[in-house]
Amino acid sequence: MPSTPFDPGLAPAFKSLLAERYSCRAYLAEPVARETIDAILQMAQRAASWCNSQPWQVIVTSAAATDRLRQVFDSDEAAADAAFDIAPPSEYRGVYQERRRECGFQLYESVGIARGDREASARQGKENFRFFGAPHVALVTTEALLGTYGALDCGAYVSNFMLAARSFGVASIAQAAVASRSKFLHRWFDIPDDRQVVCGISFGYEDPSHPANRFRTTRATPDQACQWVD
């Protein structure tokens, strides 16, 4: 038993919060109040990091700023020199490929896209660059010199951000697709060269009527992900 008092309600509350969070792919236009976003940022800032370095810097767009970015981000100009600051996966193999396909097939099925319909799947893919209609984007960057572990710390921040958002009834989705156009983002937001774009987090209030928000991906069991050593 722990030597210090603890709240027995924390674990079930956290379990419920984890179950509530999902990757939202359709949003209402209604913006999130600034005080709510500020509260989310305060909570996300509690993320753990190596030596407490806290390498994340975050650019958050208002609804108006998101619309301006959306209009140009889904364009040939933004896609012209598409590249990641941080190398993406070189290949998905085995169970990782299976999980990736499952997620894609579930999304396409939910919105009525038949397997093999490349035109329709391409249209759906472009929704990534429209932020799925979200009124806000949080663009997460890291200090380049901190390397892999700086990006890892930012991953902890992203998780905290999305869970904090959900605790306020705000939906979100972390998007590597946003980082795929990092060169454009460096120009648009005047991001220094010594910082790397990790990902974007699109967020707002979900559209409950949209079919893309009705499916949920599966999770591996702890036995599949964890090896005990006695």
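Scope of the values below: all heavy atoms of this structure, side chains included, with no hydrogens, waters or symmetry mates. Start at 1 with the first residue, then count along the sequence.
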Subject >> Note: Arg99-Glu102 ion pair, threshold 4.0 Å (strictly below) >> reply: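 Looking at Arg99 and Glu102, the cut-off is not met.
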Subject >> Under-4.0 Å salt bridge between Arg187 and Asp81 >> reply: yes
Original post:
Within the side chain of Asp117, is there an N or O that forms a donor-acceptor pair under 3.5 Å with the backbone of Ala114?
Top reply: no
More than 12 heavy atoms of other groups within 6.0 Å of [X] [atom1]:
{"X": "Arg216", "atom1": "CZ", "value": "yes"}
{"X": "Tyr149", "atom1": "OH", "value": "no"}
{"X": "Asp193", "atom1": "CG", "value": "no"}
{"X": "Glu119", "atom1": "CD", "value": "no"}

**OP:** Following the transitive rule for hydrophobic clusters with a side-chain heavy-atom cut-off under 4.5 Å over Ile, Leu, Val, Met, Phe, Trp and Tyr, establish whether Leu41 and Tyr205 coincide in one cluster.
**Re:** yes
Original post:
Are Ile201 and Val32 connected, step by step, through hydrophobic side chains (Ile, Leu, Val, Met, Phe, Trp, Tyr) whose heavy atoms are closer than 4.5 Å?
Top reply: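 Ile201 clusters together with Val32.
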Return the [atom1] to [atom2] distance between [X] and [Y], rounded to the nearest 0.5 Å.
{"X": "Asn128", "Y": "Ser180", "atom1": "CG", "atom2": "OG", "value": "8.0 Å"}
{"X": "Tyr157", "Y": "Gln57", "atom1": "OH", "atom2": "CD", "value": "9.5 Å"}
{"X": "Phe14", "Y": "Ser167", "atom1": "CZ", "atom2": "OG", "value": "11.0 Å"}
{"X": "Leu185", "Y": "Arg181", "atom1": "CG", "atom2": "CZ", "value": "9.5 Å"}
{"X": "Arg115", "Y": "Phe105", "atom1": "CZ", "atom2": "CZ", "value": "4.0 Å"}
{"X": "Lys15", "Y": "Leu10", "atom1": "NZ", "atom2": "CG", "value": "15.0 Å"}

Check whether any side-chain heavy atom of [X] sits under 4.5 Å from a side-chain heavy atom of [Y], and report yes or no.
{"X": "Val60", "Y": "Ile37", "value": "yes"}
{"X": "Ile59", "Y": "Ile191", "value": "yes"}
{"X": "Pro211", "Y": "Arg214", "value": "yes"}
{"X": "Asp153", "Y": "Ser53", "value": "yes"}
{"X": "Gln175", "Y": "Phe131", "value": "yes"}
{"X": "Gln106", "Y": "Glu109", "value": "no"}
{"X": "Phe129", "Y": "Val178", "value": "no"}
{"X": "Trp50", "Y": "Leu152", "value": "no"}

Original post:
Should the pair His136 and Phe203 be assigned to parallel (<30°), tilted (30 to 60°) or perpendicular (>60°) ring geometry?
Top reply: parallel
**OP:** Indicate the ring-plane relationship of Phe184 and Phe73, choosing parallel, tilted or perpendicular according to the 30° and 60° boundaries.
**Re:** tilted
For a quick test of reading the model, state the closest non-hydrogen atom pair linking [X] to [Y] and the distance between them.
{"X": "Gln196", "Y": "Ile86", "answer": "OE1-CG1, 3.7 Å"}
{"X": "Pro8", "Y": "Pro12", "answer": "O-CD, 3.3 Å"}
{"X": "Ala138", "Y": "Val58", "answer": "CB-CG1, 3.8 Å"}
{"X": "Arg70", "Y": "Asp67", "answer": "NH2-OD1, 2.7 Å"}
{"X": "Leu146", "Y": "Pro55", "answer": "CD1-CB, 3.5 Å"}
{"X": "Val140", "Y": "Val158", "answer": "CG2-CG2, 4.1 Å"}

Does a donor on one side chain and an acceptor on the other come within less than 3.5 Å for [X] and [Y]?
{"X": "Arg68", "Y": "Thr66", "answer": "no"}
{"X": "Asp223", "Y": "Thr221", "answer": "no"}
{"X": "Ser182", "Y": "Asp85", "answer": "yes"}
{"X": "Trp56", "Y": "Gln45", "answer": "yes"}

**OP:** Could you check Asp38 against Arg34 for salt bridge (charged side-chain N to carboxylate O under 4.0 Å, His left out), going step by step and ending with a plain yes or no?
**Re:** CA-CA 6 Å; Asp38 286 342; Arg34 175 63 184 268; 3.0 Å; yes
Would you tabulate the side-chain donor-acceptor contacts of residues 16-29 under 3.5 Å, counting partners in other chains and residues two or more places apart, or write 'none'?
from: Tyr22; atom 1: OH; to: Glu206; atom 2: OE2; distance (Å): 3.4
from: Arg25; atom 1: NH1; to: Ser23; atom 2: O; distance (Å): 3.4
from: Tyr27; atom 1: OH; to: Cys24; atom 2: O; distance (Å): 3.2
from: Tyr27; atom 1: OH; to: Ile173; atom 2: N; distance (Å): 3.4
from: Tyr27; atom 1: OH; to: Ser202; atom 2: O; distance (Å): 3.2

**OP:** Test Phe189 against Leu69 for side chain to side chain contact (heavy atoms under 4.5 Å, CB included), laying out the working first.
**Re:** CA-CA 10 Å; Phe189 290 112; Leu69 177 60; 3.9 Å; yes
**OP:** Take Glu98 and Arg101 through the salt bridge (charged side-chain N to carboxylate O under 4.0 Å, His left out) test and state the conclusion after the steps.
**Re:** CA-CA 5 Å; Glu98 292 170 11; Arg101 285 174 173 168; over 6 Å; no
